[in-house]
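A short worksheet on the structure shown next.
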Amino acid sequence: MTVSVRARITRSNFVFDVDVDWPAEGVTVLFGRSGSGKTTLLRLIAGLERPSDARVSFRHEVWLNGRSWVPLHRRRIAMVFQEASLLPHLSVRENLLYGYKRTPIAERKLHLDEVVRMLGIENLIGRNINKLSGGERQRVALGRALLTSPRLLLMDEPLSALDTQTKREILPYFERLVEEADVPIVYVTHAPAEVERLADRVVFLRDGRIDRVETLKHTLSRSDSPLFHDDGVVSVIKGQLGQKEHGLTSFYVGQDCFWLSTPIYSDSVGKSQRLRILAKDIGIALTKPENTSLLNVLPVTVQRIDPAREGHVLLGLRLSEGQNLFAEITAWSRDRLDLRKGLVVYAMIKTVALAE
Ligand SMILES: Nc1ncnc2c1ncn2[C@@H]1O[C@H](COP(=O)(O)OP(=O)(O)OP(=O)(O)O)[C@@H](O)[C@H]1O
């Protein structure tokens, strides 16, 4: 049960040549630099590109094979782009119901009330489209796409036109949708933080070719992952959001508690989330530091020590609950502390943020 694409497209300065498949479930991110062919791959799946010798299939259906192809509406795909394409003369409700009404009753799996709740757009429903902010428009566009009960949802950089704060606000809704809507998603982005927060697996593209397809867990476990090119090595830790205290949010990973300054929505308590921690934001102490302003100090076991950028080493650490945490420190500090495999030390974490 896969999404499978085999195609070769030659453009003036660009050759796209792929033969790839991945499971038709969860969130598959297409990741690569600008011009690497992400949108081209998405358009092939959507049926917007139909080279004559290509083959595209979804689960047991062949959507494109040479000259024969299944039209877009019969593929039952929904698409969300960078700029929400909504119908300006219709209200939010009418936009949401636009595709729903055109979906045969027997195929309607998602309904207005639940989609409106998932995306937190209850208070927008009677509004005019041209009175919405960018983030609100994107949530409505997503709602409209979902209400066609698609078998596959394609998203092409749906957050890239939004400012950082709006992205932060909208991501929890995307996450909820991924959890609750049970629609396989193919998601194009070049933002590592979005991959870390949403992906189940990543298809890495480079110069029109597939570099590799791997699970998020696997790509996060190798220090040379392309996801780490900009910010350096990152750890993504899974845990549950807890209550707010002292103006901070608690986040539990087994017995360990992290403190976050990121605001959370009250209905998020108990929800599973991913935490994003940069390896270079972690310091190491041999004994538990008592007088420190740092709140996130956790016991960890050194699993491995690998060379990193010049003068630095990358420590592979294990939290008590079993998840891995990377820390990048200087080789000098490693020598001063005499760090070795198996040693229990304290990780002091400067900044802890929800992956966003
Ligand atoms: N309609 C077109 N005609 C000619 N060349 C095109 C067309 N669409 C895309 N290209 C070229 O094909 C290559 C791949 O483009 P594509 O949009 O798939 O890349 P991308 O990875 O999605 O990039 P970005 O992240 O910038 O959106 C680029 O070199 C682009 O200039």
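The shown structure was predicted, so the numbers you read here are calculated from the model rather than taken from an experiment. Counting convention: from 1, in listed order, for ligands and their atoms alike. Heavy atoms only: backbone and side chains are in, while hydrogens, waters and symmetry mates are out.
Under 3.5 Å, the side chains of Gln82 and Ser160 contain a donor-acceptor pair of N or O atoms. Residues Arg43 and Thr40 bring no donor and acceptor atom of their side chains to less than 3.5 Å of each other.
There is a protein heavy atom closer than 4.0 angstrom to atom 4 (C) of ligand 1. The presence of a protein heavy atom under 4.0 Å from atom 21 (O) of ligand 1 is confirmed.
In the vicinity of Glu157, heavy-atom distances shorter than 4.0 Å reach the ligand 1 atoms 25 (O), 27 (O). Remark: ligand 1 atoms within the under-4.0 Å shell around heavy atoms of Thr40 are 14 (C), 15 (O), 16 (P), 18 (O). For ligand 1 and His190, the ligand atoms under 4.0 Å from any heavy atom of the residue are 25 (O). When each atom of ligand 1 is checked for a heavy atom of Arg33 under 4.0 Å away, the hits are 21 (O). Per-residue contacts place Lys38 under 4.0 angstrom from the following atoms of ligand 1 (heavy atoms of the residue considered): 18 (O), 19 (O), 20 (P), 21 (O), 22 (O), 23 (O), 24 (P), 25 (O). Per-residue contacts place Thr39 under 4.0 angstrom from the following atoms of ligand 1 (heavy atoms of the residue considered): 17 (O), 18 (O), 20 (P), 22 (O), 27 (O).
Heavy atoms of Gly32 come nearer than 4.0 angstrom to ligand 1 in no pair at all.
Lys280 places a side-chain N or O within donor-acceptor distance of the main-chain N or O of Asp231, the cut-off being under 3.5 Å. Remark: the backbone N or O of Ser91 is paired with a side-chain donor or acceptor of Glu94 at under 3.5 angstrom. No side-chain donor-acceptor contact under 3.5 Å links Glu25 to the backbone of Thr2.
Applying the side-chain contact (heavy atoms from CB on, under 4.5 Å) test between Phe258 and each of Thr249, Ile277, Leu248, Leu295 identifies Ile277 as the sole match.
No more than 12 heavy-atom neighbours from other residues, nucleotides or ligands sit within 6.0 angstrom of CG on Asp182.
Of the protein's non-hydrogen atoms, Ser34 OG, 2.5 Å is the one closest to atom 26 (O) of ligand 1. Remark: minimum distance from atom 19 (O) of ligand 1 to any protein heavy atom is reached at Gly37 N, 3.3 Å. Regarding atom 23 (O) of ligand 1, its nearest protein heavy-atom neighbour is Gly35 N, 2.8 Å.
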Evaluate side-chain hydrogen bond (donor to acceptor under 3.5 Å, both in side chains) for Glu157 paired with Thr189, printing each intermediate quantity in order.
CA-CA 5 Å; Glu157 304 197 39; Thr189 183; 5.7 Å; no
Show your reasoning for whether salt bridge (charged side-chain N to carboxylate O under 4.0 Å, His left out) applies to Asp207 and Arg209.
CA-CA 6 Å; Asp207 300 332; Arg209 287 166 196 273; over 6 Å; no
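Relative to the six-membered ring of Phe16, Arg11 misses at least one condition, a distance below 6.0 Å or an angle of at most 45° to the axis.
Neither the backbone nor the side chain of Arg43 has any atom closer than 4.0 Å to an atom of ligand 1 (non-hydrogen atoms only). Contact annotation: for Arg11 versus ligand 1, heavy atoms closer than 4.0 Å belong to the side chain alone.
Below 3.5 Å of separation, one finds no N or O of Phe14 facing any N or O of ligand 1.
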